[in-house]
Student: 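Below you will find the structure I want to go over with you.
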Amino acid sequence: MTERKPLQPYSPEEILSFDRIRRAMTSRVLDRIEELWQGKQPLSVEQVNEVIASEWQRVKEAVRSSPAAREAFRKYLERTIS
């Protein structure tokens, strides 16, 4: 059995825009799926969905815990409201 790489945290730059976080998340999901697969039998849809769901959860936690993302959202709301 191979060792699993530790999960890389999201950088502040990645979580400041939806496009960046989407690209980072997609890359990490693909890396994790390739790591799980490693030439074995194809992964089931449930396994792929589980990887995607767990990565989305990590994204949500990163955004919620980021003061920079919170401030960017506040500025967005201020522009939208005024």
Student: Got a sec, which residues hit salt bridge (Lys or Arg N to Asp or Glu O under 4.0 Å) with R70, two or more places apart in sequence or on another chain?
Tutor: none

Student: Which atom names give the shortest non-hydrogen contact between Y10 and A24, and what distance separates them?
Tutor: CE2-CB, 3.9 Å

Student: Output all residues satisfying side chain to side chain contact (heavy atoms under 4.5 Å, CB included) with V29, sequence neighbours left out; order by chain, then residue number.
Tutor: M25, I33, V51, I52, E55

Student: So, does S65 use its side chain to make a donor-acceptor pair with the main chain of A62 at under 3.5 Å?
Tutor: yes

Student: With S44, which residues qualify under side chain to side chain contact (heavy atoms under 4.5 Å, CB included), at least two apart?
Tutor: E46, Q47

Student: May I ask whether L36 and V48 are part of the same hydrophobic cluster, defined by side-chain heavy atoms of I, L, V, M, F, W, Y residues being less than 4.5 angstrom apart, directly or through others?
Tutor: yes

Student: Can you name the residues that form a salt bridge (Lys or Arg N to Asp or Glu O under 4.0 Å) with R20, not counting sequence neighbours?
Tutor: none

Student: Closest heavy-atom contact between R32 and S54?
Tutor: NH1-OG, 2.9 Å

Student: Between OG1 of T26 and CD1 of I21, what distance do you get to the nearest 0.5 Å?
Tutor: 10.0 Å

Student: Tell me, please, which residues at least two apart from E61 pass side chain to side chain contact (heavy atoms under 4.5 Å, CB included).
Tutor: Q57

Student: Any link between F73 and W56 through a network of hydrophobic side chains (Ile, Leu, Val, Met, Phe, Trp, Tyr) touching at under 4.5 Å?
Tutor: no

Student: Which pairs with one or both residues in residues 21-30 pass salt bridge (charged side-chain N to carboxylate O under 4.0 Å, His left out), sequence neighbours excluded?
Tutor: E14-R28, D19-R22, D19-R23

